[in-house]
Number of protein chains: 2
Amino acid sequence: MSKYNQIYTDLLASITTERLQRGTRLPSETELMDSYQASRGTVRRAIEQLQERGFAQKIHGKGTFVLSPNPIEFQLGGIVSFHETHADLGDDVRTEVVEFTQLPLEGPLLQHIEAEPGSLITRIKRVRRIGGKRVILDINHFVADLIPGLDQAIAELSIYAFIEQTLQLQISYAQRTIEALPRSKDDQTHLDLDGQSHVIVVSNQTFLQDGRQFEYTESRHTLDKFYFSDIARR
Amino acid sequence: MSKYNQIYTDLLASITTERLQRGTRLPSETELMDSYQASRGTVRRAIEQLQERGFAQKIHGKGTFVLSPNPIEFQLGGIVSFHETHADLGDDVRTEVVEFTQLPLEGPLLQHIEAEPGSLITRIKRVRRIGGKRVILDINHFVADLIPGLDQAIAELSIYAFIEQTLQLQISYAQRTIEALPRSKDDQTHLDLDGQSHVIVVSNQTFLQDGRQFEYTESRHTLDKFYFSDIARR
DNA sequence: CGGCATTTGTTCGTATGTATC
DNA sequence: AGATACATACGAACAAATGCC
């Protein structure tokens, strides 16, 4: 691990364990230089990452202060899969694969996936249960050329873990939209809507480090279980 | 403007005007050092910001490549006020102030505003109409000590413009959550719900550059007009 | 009010390591 | 193997904001 990453990890641990509490000042840059035997630039880089990710806030002339000790809130602002977000929460979570098909890239899908028309797409529909209730319908589309070997067994576990650990691909960033839409036939079939007329749809286009898009996903949530949190900056 | 910011702005302009098209390589770090007479670190900082904000992607050993020429999607991920988001879209937008009161900071509000208990709070309720329909109910709470001189006339225009331009305060960051909640009495009174049982509530705690919170706001949206977009990264 | 110490902000120059082609 | 390009790290200097005396 790089030196700045080590400093970042140490400070992050101090914040998440609340050894450094919300509102307290971090050690100054010169203090950190001494204790880590690092240059100023290295120390500054670690602190900048804390700030970017919403854990700390630098204030000119005063210091750097702890913002939020809550790593879950941070993760929800980044790219996370369903398993990652709920694993910590101790929820009773089940996943059921209700469709696993392959189809060519054509028609309306072309508006969401930037790849060669006609490329093979792997479509997976999964229903997520929390406490027995069917609350999320995930519809994933993967570019089969980039994500080979995907099968139903993997889909029942975590696809993101497969992509990053088994295939060793680096996920870079996602373009995400959140909107409310009237329920579809699919929603009525697979979700426990309890009469709700709308669902919340989180759409993701996800890209690899080299800029190629490998995924387009719609995550359709029932209204009563939807929650999203992040930190926005000017 | 700082040097790295100048380089960032120049490159950004090249991308948004599509003089540098999606997929093309940016000038290398050494080339930029020459053309701007800047050090390596300064050039790198500008490029890092392009990457952070979703415009470019660095690839080790190859170069930096243009990702997206679309700055609007990026802005929506940051802090933006209602006026800013809809001014460009040419929507027919009206704002009506339905409540303007001052009250002491106490009770449940203490959970949302980090300020001295008992401080004076300015509460403003505004209804936003798009195309004549009442679609958003904004409930703002401002710490009166930090935002003096706020009156009903300003509330009918843009409060954020007043804060940044007239008061010359620097807005730094906001902690934001998005969730669906059952409609309240207030929602039924002020919004055209058309029978919808839920609204989408975007809550913001907004902070100044010096770390003081000056605002807590709930923005309550009807389901049929809610849309949110941003870029997430690993 | 000025002066001084502390802290972060910006920039420069240099050296070495690692990935790609 | 060599050239090119990005990644990490160090050291140094000056600027700007803050707080205290």
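All heavy atoms count here, side chains included; hydrogens, waters and symmetry mates do not. A note on names: the letters A, B, ... follow the listed sequences, proteins ahead of strands, and every chain is numbered from 1.
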Q. With no hydrogens and no angle check, is any side-chain donor or acceptor of B/Glu18 less than 3.5 Å from a backbone partner on B/Ile15?
A. no
**Q.** A/Arg22 side-chain N/O to A/Leu67 backbone N/O, donor-acceptor pair under 3.5 Å
**A.** yes
Q | A/Gln111, CD: over 12 other non-hydrogen atoms inside 6.0 angstrom | A | no
Q) Taking a pair as Watson-Crick (N1 to N3 plus N6-O4 or O6-N4) or G-U wobble (N1-O2 and O6-N3), both under 3.5 Å, which stems of 3 or more consecutive pairs involve DNA chain D? A)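 Stems found: C:2-21 with D:2-21.
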Do [X] and [Y] come close enough that some side-chain heavy atom pair is under 4.5 Å?
X	Y	result
B/Tyr36	B/Thr42	no
A/Arg44	A/Lys58	yes
A/Val143	A/Ile121	yes

Q) In whole Å, what is the span from the CG atom of B/Leu208 to the C1' atom of D/dT18? A)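 Between C1' of D/dT18 and CG of B/Leu208: 16 Å.
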Q.
For nucleotides 6-16 of chain C, give me one character per nucleotide, 5' to 3': B if any protein heavy atom sits under 4.0 Å from the base, S if the only such contacts are to the sugar-phosphate, - if neither.
A. -BBBBSB--B-
Q.
Can you give me the closest heavy-atom contact between B/Ala155 and B/Thr95, atom names plus distance?
A. O-CG2, 4.4 Å
Q | B/Ser14 vs B/Arg19, side chain to side chain donor-acceptor pair (under 3.5 Å): CA-CA, chis, key distance, verdict | A | CA-CA 5 Å; B/Ser14 301; B/Arg19 186 161 63 251; 3.0 Å; yes
